[in-house]
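This report refers to the structure that appears directly beneath it.
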Amino acid sequence: MHELSIAQSILDIITEEMRRHHVERIVSVRLKIGEMSAVVPESLTFCWSIVTKDTPAEGSRLDIVSLPIEARCLACDSVFFVQNYVYVCPKCGSGDLAILSGKELQIQDFETPDF
């Protein structure tokens, strides 16, 4: 369950940003998570509730946006979304691909009660 360490890292980043912006409490954190990141959103949400206990983020929610896997075919230069983890170009059938997105794990923003 690597989601626990990910949740702790997110909290560390958010806590630092809260200090920088003089924020005392947050109500939500919005994340972008790629399908290839191997993060289980439900596990991350559960771990978030554990690591935020007795912190200014306690009771906050994670809003998770899942990002699809996007690839570019190196044979025909077609750009497409990978469906069902089948890494084959739908236009020419090549498996020679460059992954453009889908590995992300980004904190997009967080919401405070003041805004």
Side-chain angles (χ1 to χ4, degrees):
M1 178 185 275
H2 69 282
E3 283 84 358
L4 185 60
S5 63
I6 293 170
Q8 184 61 57
S9 296
I10 293 168
L11 180 60
D12 293 345
I13 293 167
I14 293 295
T15 300
E16 180 60 31
E17 288 300 312
M18 290 172 67
R19 276 191 213 113
R20 285 186 45 211
H21 297 285
H22 309 291
V23 172
E24 295 181 11
R25 199 168 78 77
I26 62 168
V27 294
S28 67
V29 177
R30 192 167 21 187
L31 304 174
K32 289 183 176 180
I33 299 178
E35 288 182 17
M36 291 180 68
S37 67
V39 174
V40 178
E42 295 81 10
S43 296
L44 183 59
T45 300
F46 174 73
C47 292
W48 180 252
S49 68
I50 293 171
V51 301
T52 57
K53 186 166 176 47
D54 298 326
T55 74
E58 183 173 6
S60 64
R61 70 178 189 280
L62 290 181
D63 296 328
I64 299 173
V65 176
S66 180
L67 300 176
I69 302 167
E70 186 175 31
R72 181 170 47 87
C73 177
L74 298 178
C76 72
D77 210 33
S78 177
V79 175
F80 61 94
F81 290 111
V82 173
Q83 302 292 323
N84 301 317
Y85 301 101
V86 176
Y87 294 89
V88 176
C89 176
K91 186 175 178 183
C92 73
S94 172
D96 193 12
L97 309 174
I99 302 300
L100 303 177
S101 67
K103 299 177 183 177
E104 302 87 344
L105 200 167
Q106 302 171 337
I107 300 170
Q108 185 170 356
D109 56 31
F110 61 88
E111 180 182 0
T112 70
D114 300 329
F115 295 100

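No hydrogens, no waters, no symmetry mates; every other heavy atom, side chains included, goes into these values. Residue numbers count from 1 along this sequence.
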Exercise for review: Work out which heavy atom in Glu3 is nearest to a heavy atom in Val40; give both atom names and the distance.
Suggested key: OE2-N, 2.9 Å
Exercise for review: Please collect all side chain to side chain donor-acceptor pair (under 3.5 Å) contacts where either partner lies in residues 70-86, sequence neighbours excluded, each pair once.
Suggested key: Arg72-Asp77
Exercise for review: Answer yes or no: is there a donor N or O on one side and an acceptor on the other, between the side chain of Glu104 and the main chain of Lys32, under 3.5 Å?
Suggested key: no
Check your understanding: Any idea which heavy atoms bring Arg61 and Asp63 closest together, and the distance?
Key -> NE-OD1, 3.0 Å
Point to revise | Between NE2 on residue His2 and OG on residue Ser37, distance to nearest 0.5 Å | key: 7.0 Å
Review point. When hydrophobic residues are tied together by side-chain contacts of less than 4.5 Å, even through go-betweens, does Leu11 share a cluster with Phe110?
Key: yes
Study note, to complete from the structure: Nearest heavy-atom contact between Met36 and Ile69 is CG-CD1, 3.3 Å
Review point. Can you check whether Leu31 reaches Val39 side chain to side chain, under 4.5 Å on heavy atoms?
Key: no
Review point. So do Cys73 and Cys92 actually touch side chain to side chain, heavy atoms under 4.5 Å?
Key: yes
Check your understanding: Between Leu67 and Ile6, is there a shared hydrophobic cluster once you connect ILVMFWY residues whose side-chain heavy atoms come closer than 4.5 Å?
Key -> no
Review point. Are Val23 and Ile107 connected, step by step, through hydrophobic side chains (Ile, Leu, Val, Met, Phe, Trp, Tyr) whose heavy atoms are closer than 4.5 Å?
Key: yes
**Study point:** Residue pairs involving residues 12-21 (criterion side chain to side chain donor-acceptor pair (under 3.5 Å); sequence neighbours excluded)
**Key:** Gln8-Asp12, Glu16-Arg19, Glu17-Arg20, Glu17-His21
Review point. In terms of hydrophobic clustering (I, L, V, M, F, W, Y; side-chain heavy atoms under 4.5 Å; direct or indirect links), are Ile64 and Ile14 co-clustered?
Key: yes
Check your understanding: Closest heavy-atom contact between Glu35 and Ser66?
Key -> CG-OG, 3.9 Å
Review point. Under a 4.5 Å cut-off applied to non-hydrogen side-chain atoms, are Leu97 and Phe80 in contact?
Key: yes
**Study point:** Single-linkage hydrophobic cluster Met18~Ile13, side-chain heavy atoms < 4.5 angstrom
**Key:** yes
Review point. Which atoms form the tightest heavy-atom contact between Ala57 and Trp48, and what is the distance?
Key: CB-CZ2, 4.1 Å
Practice item. Locate the shortest heavy-atom distance separating Pro56 from Glu24; write the atom from each residue and the value. Key: CB-O, 3.1 Å
Practice item. Output the distance between atom CG (Leu44) and atom CD1 (Ile33), rounded to the nearest 0.5 Å. Key: 5.0 Å
